[in-house]
Amino acid sequence: MTYHPKSDFMRVMMERGYLADCTDYQALDEALVKGIVPTYIGYDATAKSLHVGHLLNIMMLRWLQKTGHKPITLMGGGTTKVGDPSFRSDERPLLSPAQIDENIAGMKQVFAKYLDYGDGPTGALMLNNAEWLDGLNYLDFLRDIGRHFSVNRMLSFESVKSRLDREQSLSFLEFNYMILQAYDFLELNRRYGCLLQMGGSDQWGNIVNGIDLTRRVLDHEIYGLTSPLLTTSDGKKMGKSQGGAIWLNAEMLSPYEFWQFWRNTTDADVGRFLKLYTELPVEECDRLGALAGSEINAAKVILANEVTALCHGRAAAEAAEATAREVFEKGGVGDDLPTLHLDPADLTEGISLAQLVVRSGLAKTGKDGKRLIAEGGLRVNDDLCADAGRMFHAGDFAEPVKLSAGKKRHALVSLG
């Protein structure tokens with residue numbers, strides 16, 4: 001791709017590695033130069049928090065606002081009732097309206113940290129597609145909107161084909177999802193002048209559908225831009241760890257554990273992640289990413305600090321770094337470590353080390369915990385312990401007990 005962008009936003013997208021594809025580079029670039037471009041990304045309310053897998057697109061909206069344009073976060077209060085089938089092997093569990101509302105409330109807390117919601121020309125908007133989807137008349141919708149969709153074309157999309165090729169069921173409910181998402185773009189253009197939809201590259205088919213529909217119904221020119229689907233250099237899906245999803249809400253994952261996730265980045269990913277997940281200048285990201293040996297660890301601390309500061313505030317980032325230094329360098333117990341609080345009732349007959357390892361989140365199952373202990377990977381208060389059956393009683397928790405799995409993962413266990 002040799003296109004040289006004129007707009008600040010497109011330049012940032014290309015320089016920092018956010019751009020996978022665009023429906024019309026030149027026309028979008030010219031629209032970005034000409035005036036404010038309202039832009040949306042849709043988020044289905046399937047959990048109480050967003051996770052690190054969403055962070056790339058949240059950063060794209062942040063850069064969009066920083067370069068003088070208007071971000072729209074579209075909450076899928078309507079589409080969550082259907083569930084996006086894209087590249088999934090099974091149907092999503094259906095949520096009640098109350099669960100959806102609760103999830104949206106949790107997700108709003110995250111967006112407020114990255115975007116400035118306000119009444120100004122570039123103030124971010126938070127909308128809910130239930131606003132136009134909940135009141136749809138089925139027959140009118142089929143006649144006015146459904147006639148613009150070719151089933152042959154919908155069947156050709158990779159996200160649908162992959163399900164059908166594996167002979168996995170694709171319900172009519174899910175098949176409708178791509179029509180509803182296309183309709184979202186049409187309504188956002190009609191109601192709010194939205195000109196651009198962004199999303200991960202797995203959303204390309206859905207985005208193109210919306211552009212085609214809006215052109216057919218309103219005769220308006222609108223655009224789509226996708227980001228790459230990120231995997232880490234060792235092939236893992238971005239945002240997953242041994243303990244599960246890396247949530248962006250502090251109630252679901254402590255700022256310390258969030259900081260640790262970034263501190264544990266593989267050497268080969270440091271430069272790329274600095275460009276995507278921080279606002280440090282590109283040259284500085286390249287310099288830090290090129291460091292070798294023990295120096296790359298200093299770059300990882302900078303990465304962890306910058307990402308945590310954006311998500312949880314600078315004070316939380318500094319506290320996490322201080323805790324990490326206390327734990328790693330001095331072998332002490334940091335205030336910020338994830339803590340398992342035991343009820344005295346749990347200890348009437350004592351609790352085994354293997355159970356503590358699982359309950360503190362250092363292992364997923366008892367089998368994993370026993371293997372970790374048997375292989376000499378677990379320390380109790382910095383002393384190696386290879387006895388999975390070692391029992392702990394109330395008196396052992398007069399002071400918090402520190403558990404360490406390897407050098408980087410720690411937890412405290414305390415009473416009450």
Side-chain angles (χ1 to χ4, degrees), residues 46-53 93 102-103 106 236-237 239-264 304 308 311-312 316 319-320 322-324 326-328 330-416:
T46 51
K48 285 181 190 170
S49 171
L50 296 157
H51 55 70
V52 160
E102 192 181 337
N103 288 350
K236 293 196 183 91
K237 192 173 178 184
K240 299 286 186 205
S241 75
Q242 285 174 309
I246 304 300
W247 301 107
L248 305 183
N249 279 42
E251 306 85 65
M252 291 179 71
L253 187 82
S254 73
Y256 175 77
E257 289 169 284
F258 182 79
W259 188 94
Q260 272 298 327
F261 169 79
W262 296 98
R263 169 62 183 80
N264 293 339
T308 305
C311 188
H312 296 296
T323 295
E326 179 80 12
V327 170
F328 298 143
K330 302 174 189 168
V333 171
D335 298 334
D336 229 3
L337 281 183
T339 301
L340 166 65
H341 297 282
L342 291 175
D343 190 315
D346 294 338
L347 297 170
T348 48
E349 294 176 17
I351 188 167
S352 72
L353 180 58
Q355 288 173 294
L356 284 180
V357 169
V358 174
R359 289 191 54 184
S360 64
L362 294 177
K364 279 189 175 177
T365 64
K367 191 177 174 184
D368 289 344
K370 285 172 184 171
R371 189 188 307 119
L372 174 73
I373 295 163
E375 290 172 356
L378 190 88
R379 290 178 179 270
V380 177
N381 292 332
D382 297 317
D383 294 325
L384 203 60
C385 185
D387 178 10
R390 175 180 165 185
M391 297 302 289
F392 289 79
H393 301 276
D396 295 313
F397 299 101
E399 292 288 326
V401 171
K402 177 182 160 193
L403 302 178
S404 305
K407 291 182 180 177
K408 295 182 177 178
R409 296 169 58 234
H410 308 271
L412 294 181
V413 185
S414 68
L415 203 54

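The closest side-chain heavy-atom distance from I351 to L356 is below 4.5 Å. Side-chain contact between N103 and T46: absent, with no pair of heavy atoms (C-beta onward) separated by less than 4.5 Å. Side-chain contact check for V413 versus R359: every heavy-atom pair is 4.5 Å or farther apart.
How far CD of E349 is from CE of M391: 8.0 Å, rounded to the nearest 0.5 Å. Interatomic distance, L378 CG to R409 CZ, rounded to the nearest 0.5 Å: 10.0 Å. Taken from CG in L248 to NE2 in H51, the straight-line distance is 8.5 Å, to the nearest 0.5 Å. The distance from the CG atom of L372 to the NZ atom of K364 is 14.0 Å, given to the nearest 0.5 Å. The CG atom of L384 sits 10.5 Å away from the CD1 atom of I373 when rounded to the nearest 0.5 Å. Summarising the geometry, atom NE2 belonging to H410 is positioned 6.5 Å from atom CD belonging to Q260; distances are rounded to the nearest 0.5 Å.
With hydrogens and angles disregarded, a donor-acceptor distance shorter than 3.5 Å links the side chain of S49 to the backbone of N249.
Nearest heavy atoms, Q355 versus S352: OE1-N, 2.9 Å. Looking at every heavy atom in both residues, C385 comes nearest to L353 through SG-CD2, 3.5 Å. Shown here for A354 and K370, the closest heavy-atom pair between the two residues is CB-CG, 4.1 Å. Of all heavy-atom pairs between I246 and F258, the closest is CG2-CD1, 3.8 Å.
Judged as a side-chain hydrogen bond (donor to acceptor under 3.5 Å, both in side chains), and not counting sequence neighbours, S360 has no contacts. By the salt bridge (Lys or Arg N to Asp or Glu O under 4.0 Å) test, D368 pairs with R371, sequence neighbours left out.
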Give the C-alpha distance, both sets of side-chain angles, the deciding distance and a yes or no for side-chain contact (heavy atoms from CB on, under 4.5 Å) between L412 and L340.
CA-CA 6 Å; L412 294 181; L340 166 65; over 6 Å; no
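The aromatic rings of Y256 and W259 sit parallel, their planes meeting at an angle under 30°, below the 60° perpendicular limit.
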